[in-house]
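Shown next, in structure tokens, is the structure this report addresses.
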Amino acid sequence: MKNFFLLWLFVASLLTTTAMAQVSKIPADTRLYLQKVETSNNKACARSSDRAAVTPKEAKLFVSCTPGADTKAIEARLKAIGAHPQGTIGRYIMVSTPVGVVDQIAAIEGVTFISRGPSVSQKTLVSREVTGVSKILTGTSPLPQAFTGKDVVVGIIDAGFDFAHPAFKDAEGNLRIKAYYTPGMPRQEGDSPIVTLDGTELAGKVYTTPEDILKEESDNMNESHGSHCAATAAGATFDCAGGMAPEADLILSAYVKTDKDDVDDQVYFMGYNVMQSILYIRDYAKRVGKPYVISMSLNTQEGPHDGTSFTSDMLNQLALEGTNMTLAASNEGYFDCYINHTFAANDTLHTIDNGKMQASAYTRTPGEMSFQIGICDKATQTELWRSEPLRSENNGCGFNLGYGETYGAYTNTDQYEDIKNHLGTVLDNALVDFSIGKLEDGRAKMHCEIVGDMPKNHYFVLHIACSENNVVDLWGDNGTRFAAKEGSDYYTAGNSSVSLGDWCTGGNIITVGSWVSKPSITNINSETVSSDFEVGAGAGSFSPFSSYGTDLAGHNHPFVSTPGSLIISAVNHYDPSFSLEGAQGERVVAMDANGYAWGVESGTSMATPTAAGIIALWLQAKPTLTYEEIKETIIATSNTDEFTEATPIRFGHGKMDAYKGLLHILDIPTSIPTLSRHQPEGVTFRINGGQLFIDGAEDGTPVRIYSISGRLAASTQIVNGSVSLPADSRAGVYAVQVGTLGSTLIRK
């Protein structure tokens with residue numbers, strides 16, 4: 001019996017090895033991406049009168065290696081064939097490479113898989129779906145006065161920065177942006193390479209002087225997301241707004257900026273640029289000897305959501321190494337974006353894509369999958385046409401189909417004429433991107449995306465087939481919703497129960513959800529502005545859009561929550577939509593004499609830099625604070641209330657509290673056990689000479705001043721709105737207890 005079991009185990013191992021060997025190292029979606037790079041290069045040559053002078057664009061790829069492989073040796077092999085390694089995280093090597101050598105990369109011993117990047121999106125609500133948004137600066141806790149993020153590096157990976165905005169300058173008008181990094185911009189002749197401390201040469205260009213940064217003006221003059229997020233984390237104080245860490249050093253990285261607006265492959269190296277940005281910010285902070293935190297208001301639903309995608313695995317590895325990061329949980333909590341289906345014999349999953357078309361599906365075990373796209377009449381909900389099946393076997397397939405003046409030149413296949421013709425009946429100006437194939441471990445993957453103008457009178461329908469007993473998980477991104485037909489059980493509706501982004505799922509990164517601090521605000525025209533997404537969500541509740549759930553590896557998300565609904569922060573003054581006459585003009589809250597504006601946005605994009613800015617304050621208080629200690633502080637000090645107790649999965653460990661966290665990090669509850677754990681509401685503090693002015697508290701209120709070691713430095717009471725600071729006290733941080741109103745920290 002024992003021998004039979006060993007024989008069975010040996011045969012099973014052989015079968016598994018054989019199945020794995022059948023998975024192509026270059027899957028269909030990567031092949032499709034490589035075709036896009038070639039198309040882009042061919043178009044560049046066609047535009048040039050001197051083809052020899054055109055420098056071909058390289059593909060940006062993630063090369064997976066066997067666990068435990070000698071990645072340094074593989075990097076050397078890559079260089080020998082003309083590829084350019086640009087950083088290794090765990091078993092993944094980021095490579096910029098000519099398309100022509102990719103097959104040679106696949107042949108290198110130890111290389112197991114070659115991936116293109118996932119599609120990435122900023123996690124602010126889509127503006128046309130929002131009737132109005134606004135913001136409260138910090139929710140229930142004002143910032144501790146004694147800490148402003150000084151000498152802490154805050155890195156923002158985003159797009160839409162306005163470098164000259166006053167939010168990014170100090171009181172003397174000096175620029176607080178210490179570097180601007182663009183991993184997507186190719187270096188020009190004469191540009192110095194970006195070499196990290198460990199000798200890695202990163203992609204792109206970097207600007208490190210105020211003159212060079214300001215000369216760039218903006219990475220994207222039609223976008224404000226990056227400015228809003230950066231100023232939320234670390235913007236200077238303005239009448240209506242201010243960042244969490246207003247004296248931190250800012251490093252801004254534009255993950256999407258390229259040298260041409262029409263680069264075909266741009267969407268797929270966004271994820272690559274994000275990873276390059278993390279390496280740059282981390283290396284910069286190490287060079288200058290300062291603690292740091294990186295904020296990423298980005299995510300994607302593309303991925304199996306079990307921690308095995310190369311992006312979630314790389315982020316998890318970075319977190320395990322102590323890279324301080326906050327990550328947006330995503331914004332699909334409001335949408336029916338998720339379907340889980342176990343297949344019976346001869347079974348097919350049918351669902352109506354009721355909105356956008358950006359969908360990804362994965363089998364849970366190795367096997368085959370097929371899908372068909374259909375067209376459904378909105379008025380009658382009748383399916384008018386269904387495509388031939390696209391299958392994962394034989395390395396799968398992938399293609400682009402372009403329509404209209406903007407996208408027509410992007411078609412890269414002469415196949416699938418029936419699909420092309422039928423989709424052309426409902427698409428006027430759009431790009432279709434379909435692929436199906438295998439993951440590294442043999443599981444099947446499908447991705448379909450339509451960019452551009454969606455049809456007004458039709459929906460798309462997905463039909464997914466799989467072998468009996470296999471399980472498929474299907475996600476929609478960026479507002480994609482899966483619907484059923486009323487009165488029929490033929491179509492399957494989605495839900496939001498696993499709406500968190502794939503990047504969250506490694507299990508060790510701080511993922512951030514959003515809660516509502518104010519359900520409405522007043523704009524620059526004294527009009528009340530609210531949001532459809534906050535209707536029914538009163539102050540204190542979770543933001544309906546905020547993604548949540550238990551991922552397929554068993555981790556709950558978000559890890560913690562901060563205010564992300566209706567947030568006031570800086571916007572890009574070049575962005576025409578945020579002019580008073582623009583499409584988002586009603587969201588402008590204030591504007592200075594030079595035309596620089598502050599506006600409102602909602603999303604986990606806004607909650608994430610709030611968390612990062614708070615962490616910057618903690619890092620200033622204790623620069624040696626580790627990532628694990630940051631997470632432990634969040635767990636120990638986040639607030640819980642009736643809202644968090646009613647729906648704990650929506651809030652994680654609760655509502656992040658900057659002040660309680662700071663007291664915990666400084667261990668003040670141990671040294672001063674009688675100190676209140678909250679700051680007094682409606683009370684502000686300012687120091688002038690030897691006097692501490694306490695505005696908002698009545699004369700006669702008792703005041704006790706402690707050193708953070710617990711020594712009582714003074715016991716007095718407020719007279720004429722102030723108290724005298726102890727003349728014999730040394731410079732430093734002190735805790736101030738104001739009667740029963742609460743406490744704060746000051747720096748003498």
Side-chain angles (χ1 to χ4, degrees), residues 136-150 152 154 232-234 237 242-248 291 293 326 510 512 515 517 539-540 560-564 607 609-623 625 629-641 644 651-687 692 694-697 703-710 732-748:
I136 184 172
L137 181 58
T138 56
T140 56
S141 292
L143 292 175
Q145 274 196 321
F147 298 94
T148 57
K150 189 175 179 60
V152 177
V154 174
T232 298
T237 302
M244 305 298 104
E247 290 191 320
V293 60
T326 59
I510 296 171
V512 186
W515 62 273
S517 51
V560 72
S561 295
T562 66
T610 298
I614 290 171
I615 290 170
L617 300 178
W618 296 349
L619 287 167
Q620 184 190 2
K622 186 180 179 182
L625 198 64
E629 288 172 335
I630 291 168
K631 290 192 287 186
E632 290 167 5
T633 299
I634 290 171
I635 294 170
T637 64
S638 292
N639 293 318
T640 58
D641 54 24
T644 63
F651 292 91
H653 290 289
K655 299 174 178 178
M656 197 170 179
D657 189 315
Y659 187 60
K660 284 173 65 177
L662 191 55
L663 296 179
H664 179 83
I665 287 163
L666 296 173
D667 200 26
I668 291 177
T670 300
S671 59
I672 318 172
T674 58
L675 195 76
S676 297
R677 303 296 183 266
H678 63 275
Q679 292 182 300
E681 291 190 18
V683 178
T684 59
F685 301 83
R686 55 191 173 89
I687 296 176
L692 171 64
I694 306 175
D695 301 323
V703 173
R704 295 168 70 87
I705 302 175
Y706 301 87
S707 69
I708 60 172
S709 64
V733 176
Y734 290 83
V736 180
Q737 178 70 44
V738 184
T740 59
L741 298 178
S743 68
T744 195
L745 299 180
I746 62 169
R747 184 183 295 277
K748 183 183 176 187

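The first residue in the sequence is number 1, and the count goes up from there.
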Answer yes or no: is there a side-chain heavy-atom contact under 4.5 Å between [X] and [Y]?
X	Y	result
Ile708	Tyr734	no
Ile634	Ile510	yes
Val152	Ile615	no
Tyr706	Ser743	no
Gln679	Val738	no

Applying side-chain contact (heavy atoms from CB on, under 4.5 Å), run through Arg677 and Leu663 and close with a yes or a no. CA-CA 8 Å; Arg677 303 296 183 266; Leu663 296 179; 4.1 Å; yes
If you round to the nearest 0.5 Å, how far is OG1 of Thr684 from CG of Asp695?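 It is 4.0 Å, given to the nearest 0.5 Å.
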- prompt: NZ/Lys622 to CD/Glu629 distance, rounded to the nearest 0.5 angstrom?
  reply: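 Going from the NZ atom of Lys622 to the CD atom of Glu629 covers 4.5 Å.
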Side chains of Thr744 and Tyr659: do they bring a donor and an acceptor to under 3.5 Å?
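No, no side-chain donor-acceptor pair sits under 3.5 Å.
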Q | Any side-chain donor near an acceptor of the partner, Thr674 and Gln737, under 3.5 Å | A |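 The answer is no; no qualifying pair exists.
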| If only atom types and distance count, is the side chain of Trp618 paired as donor or acceptor with the main-chain N or O of Ala658 below 3.5 Å? |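 Such a contact is found between Trp618 side chain and Ala658 backbone.
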ask   = Does the pair Gln620 and Thr148 meet the rule for a side-chain contact (heavy atoms from CB on, under 4.5 Å), with working shown?
value = CA-CA 8 Å; Gln620 184 190 2; Thr148 57; 4.3 Å; yes
message = Testing Ile630, Thr637, Ile635 one by one against Thr633 for a side chain to side chain contact (heavy atoms under 4.5 Å, CB included), which residue passes?
response =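 It is Thr637; the other options fail the test.
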* Take Val512 and Thr562 through the test side-chain contact (heavy atoms from CB on, under 4.5 Å) and record every step on the way to the result. => CA-CA 7 Å; Val512 186; Thr562 66; 3.9 Å; yes
Notebook entry, point to check: Passes side-chain contact (heavy atoms from CB on, under 4.5 Å), Leu662 versus Leu617? Steps please.
Noted result: CA-CA 8 Å; Leu662 191 55; Leu617 300 178; 5.5 Å; no
Discussion item. Check this for me: does any side-chain nitrogen of one of Lys655 and Asp641 sit under 4.0 Å from a carboxylate oxygen of the other?
Written reply: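 Answer for the salt bridge query: yes.
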